[in-house]
Q: 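My questions all concern the structure below.
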Amino acid sequence: MAYWLIKSEPDVWSWDQQVKKGITGWDGVRNHQAANNMKSMKVGDQAFFYHSNEGREIVGIATIVKTAHPDPSDETGKFVMVDVKADKPLKKAVTLAQIKADPKLASMALIRQSRLSVCAVSDAEWAHICKLGGL
DNA sequence: GCCAACGTTGGC
DNA sequence: GCCAACGTTGGC
């Protein structure tokens, strides 16, 4: 099983909305690297749900429930999305500042490529963030 | 609101 | 195919 991190601006799509809605298509990704990451996702993979811009923190964990398929919001038909479902919230949100300040996490893809909206998380990083999040 | 990083577009 | 111009993302 692999681990990921998906970003969303809470103004546009927040964790609360995800919880309320249950399963949603993660549409709107228009970056090839991010799209490639989604193509690598398998059903059952887990992803941190990160609030960008406002909050700048990891607030919950989502599960991948459907692998990459065409994104209906993409008129060119080139991009894909996966379906995700809210799994559980972190007891304590893990902030970007915390991640940057932690030597175990400072080299995460999230930090190295700040503009990449779907990025991979290593097993060690996943475990450490879960611990910081009180899980 | 500013700016750095980076992706995309279009002229050549 | 190169590269300058421009647009977007996202942290601060």
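All values below come from the heavy atoms of this structure, side chains included, with hydrogens, waters and symmetry mates left out.
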Q: If you look only at distance, which donor and acceptor atoms sit under 3.5 Å apart when one is on a side chain in residues 97-104 of chain A and the other is two or more places apart or in another chain?
A:
| residue | atom | partner | partner atom | Å |
| --- | --- | --- | --- | --- |
| Q98(A) | OE1 | T95(A) | N | 3.0 |
| D102(A) | OD1 | K104(A) | N | 2.9 |
| D102(A) | OD2 | H128(A) | NE2 | 2.7 |

Q: Test question: given the 4.5 Å side-chain rule for I, L, V, M, F, W and Y, name all other residues clustered with F79(A), or answer none.
A: none
Q: Starting from C1' on dG7(B), measure out to NZ on K78(A) and report it in whole angstrom.
A: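 So the two atoms are 14 Å apart, to the nearest Å.
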Q: Is the phosphate of dG11(C) approached by Y50(A) (side-chain N or O, under 4.0 Å from OP1 or OP2)?
A: yes
Q: Tell me the interatomic distance from N53(A), atom CG, to dG10(C), atom C1', rounded to whole angstroms.
A: 5 Å
Q: Is there side-chain contact between M81(A) and P72(A), with heavy atoms separated by less than 4.5 Å?
A: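 A side-chain contact exists here, since the closest heavy-atom pair is under 4.5 Å.
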Q: Find the distance between CD1 (I6(A)) and CH2 (W13(A)) and round it off to the nearest 0.5 Å.
A: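 Reported value, rounded in 0.5 Å steps: 11.0 Å.
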Q: Find every protein N or O atom lying less than 3.5 Å from an N or O atom of nucleotides 1-5 of chain B, and list the pairs.
A:
| residue | atom | partner | partner atom | Å |
| --- | --- | --- | --- | --- |
| dA5(B) | N3 | R115(A) | NH1 | 3.2 |

Q: Can you name the closest pair of heavy atoms from V43(A) and V65(A) and give their distance?
A: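 So the two residues come closest at CG2-O, 3.7 Å.
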Q: For DNA chain C, which residues in residues 28-37 of chain A have a heavy atom at a distance below 4.0 Å?
A: none
Q: Output, in order, the C-alpha distance, side-chain angles, deciding distance and verdict of side chain to side chain contact (heavy atoms under 4.5 Å, CB included) for W126(A) and I61(A).
A: CA-CA 11 Å; W126(A) 182 272; I61(A) 292 174; 3.9 Å; yes
Q: Whole-Å distance between dG10(C) P and E57(A) CD?
A: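 Whole-Å distance recorded here is 16 Å.
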Q: Under 3.5 Å, side-chain donor or acceptor atoms of residues 47-58 of chain A against the rest of the protein: list the pairs with distances, not counting sequence neighbours.
A:
| residue | atom | partner | partner atom | Å |
| --- | --- | --- | --- | --- |
| H51(A) | NE2 | W15(A) | N | 3.0 |
| N53(A) | ND2 | E9(A) | OE1 | 3.4 |
| R56(A) | NE | N53(A) | O | 3.2 |

Q: Without placing hydrogens or testing angles, list every side-chain donor-acceptor pair under 3.5 Å for residues 22-30 of chain A, not counting sequence neighbours.
A:
| residue | atom | partner | partner atom | Å |
| --- | --- | --- | --- | --- |
| T24(A) | OG1 | Q18(A) | OE1 | 3.1 |
| T24(A) | OG1 | Q18(A) | NE2 | 2.9 |
| R30(A) | NH1 | D71(A) | OD2 | 3.0 |
| R30(A) | NH2 | S73(A) | O | 3.0 |
| R30(A) | NH2 | S73(A) | OG | 3.1 |

Q: Rounded off to whole Å, could you give me the CG-to-C1' distance for the D11(A) and dG11(C) pair?
A: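 Nearest whole value for this atom pair: 15 Å.
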